[in-house]
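Everything numeric here is computed off the predicted structure, so don't read it as measured data. Residues take their numbers from the sequence shown, with the count starting at 1.
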Amino acid sequence: MEDQNTKKELCQIAINQESVETSSAVIAVLGDTEMYKNVDRIYRMNVEAGFMDQATNERMDDYTMNSYPNAPKETRVSIANFDAGLVSMQLMLIAKSKGYDTVTMGGFNKQQFIEKFDVPERYVPIVLIAIGKSAGPSFQTTRLPLNEVAKFI
């Protein structure tokens with residue numbers, strides 16, 4: 001989103017987080033609860049590129065089409081959240097490598113976002129990512145020590 005009027009409306013949905021309005025653009029990352037509908041195309045592309053043989057393609061396609069459509073919506077939402085998190089991190093890393101800064105916002109009214117932007121039911125809003133050149137130095141922050149959040153065995 002680059003339109004200033006839309007960004008003003010989005011700012012309200014995003015609990016008045018300033019970076020929505022001050023950024024060059026805002027990327028809305030949505031999770032797709034029907035992502036399995038793309039596997040045939042993706043696997044076919046992998047076969048054509050020589051990354052996968054036809055037997056593996058068929059086996060994985062069968063597994064996917066027998067599992068995902070029958071999975072509870074909560075399971076598909078969880079998978080969509082995971083996938084969208086990976087995509088978000090990649091977007092932020094790519095932006096940083098190109099000299100841009102990002103601010104990730106998970107705190108926004110997702111229902112208002114769905115209504116405002118007429119989001120189809122298969123998609124779930126995950127995060128908003130403000131992107132642009134920083135106007136000044138970022139604020140400093142700390143993190144929990146690694147040994148408190150991960151265990152190496």
Looking only at heavy atoms, the pair that brings A84 and I126 closest together is CB-CG1, 3.5 Å
Determine, using the 4.5 Å side-chain heavy-atom cutoff (strictly less than), whether M89 and L91 are members of one ILVMFWY cluster. yes
V87, I79: one ILVMFWY side-chain cluster at the under-4.5 Å cut-off? no
Are V39 and V47 connected in a single hydrophobic cluster, I mean Ile/Leu/Val/Met/Phe/Trp/Tyr linked by side-chain heavy atoms less than 4.5 Å apart? yes
Angle between ring planes, Y36 versus Y68, binned at 30° and 60°: parallel, tilted or perpendicular? parallel
K73 side-chain N/O to T33 backbone N/O, donor-acceptor pair under 3.5 Å: no
Tabulate below the donor-acceptor pairs under 3.5 Å that side-chain atoms of residues 106-114 make, not counting sequence neighbours, or state none.
unit_1 : atom_1 : unit_2 : atom_2 : d
N109   : OD1    : Q111   : N      : 3.1
N109   : OD1    : Q112   : N      : 2.8
K110   : NZ     : G106   : O      : 2.8
Q111   : NE2    : E115   : OE2    : 3.1

Is the closest side-chain heavy-atom distance between E48 and R44 below 4.5 Å? yes
Any donor-acceptor N/O pair, K133 side chain to G99 backbone, under 3.5 Å: yes
Looking only at heavy atoms, what is the nearest atom pair of D32 and M35, with distance? O-SD, 3.1 Å
Measure the CD1-OG1 distance between I27 and T104 for me, rounded to the nearest 0.5 Å. 9.5 Å
Shared ILVMFWY cluster between V77 and V29, side chains joined below 4.5 angstrom? yes
Per-pair distances, 0.1 Å, donor-acceptor, side chain in residues 54-61, under 3.5 Å, sequence neighbours excluded:
unit_1 : atom_1 : unit_2 : atom_2 : d
Q54    : NE2    : E58    : OE2    : 3.1
T56    : OG1    : D53    : OD1    : 2.9
T56    : OG1    : D53    : OD2    : 3.4

Looking at CD1 of I131 and OG of S19, how far apart are the two atoms once the value is rounded to the nearest 0.5 Å? 12.0 Å
V26: which of V103, L10, I129, T6 passes side-chain contact (heavy atoms from CB on, under 4.5 Å): L10
Out of curiosity, I42 CD1 to K37 NZ, how far, rounded to the nearest 0.5 Å? 14.0 Å
If you look at every heavy atom in R122 and E34, which pair is closest and at what distance? NH2-O, 3.2 Å
Is there a side-chain contact between M45 and R41 (heavy atoms, below 4.5 Å)? yes
Does the side chain of Q90 reach to within under 4.5 Å of the side chain of L93, using non-hydrogen atoms? yes
Between S24 and G132 the two heavy atoms that sit nearest each other are OG-CA, 3.7 Å
Correct closest heavy-atom pair for Q4 and E21 would be OE1-O, 3.8 Å
Shortest non-hydrogen separation from L30 to P125 and the atoms involved: CD2-CA, 3.5 Å
Membership question, hydrophobic clusters at under 4.5 Å side-chain separation (ILVMFWY): are M105 and I15 in the same one? no
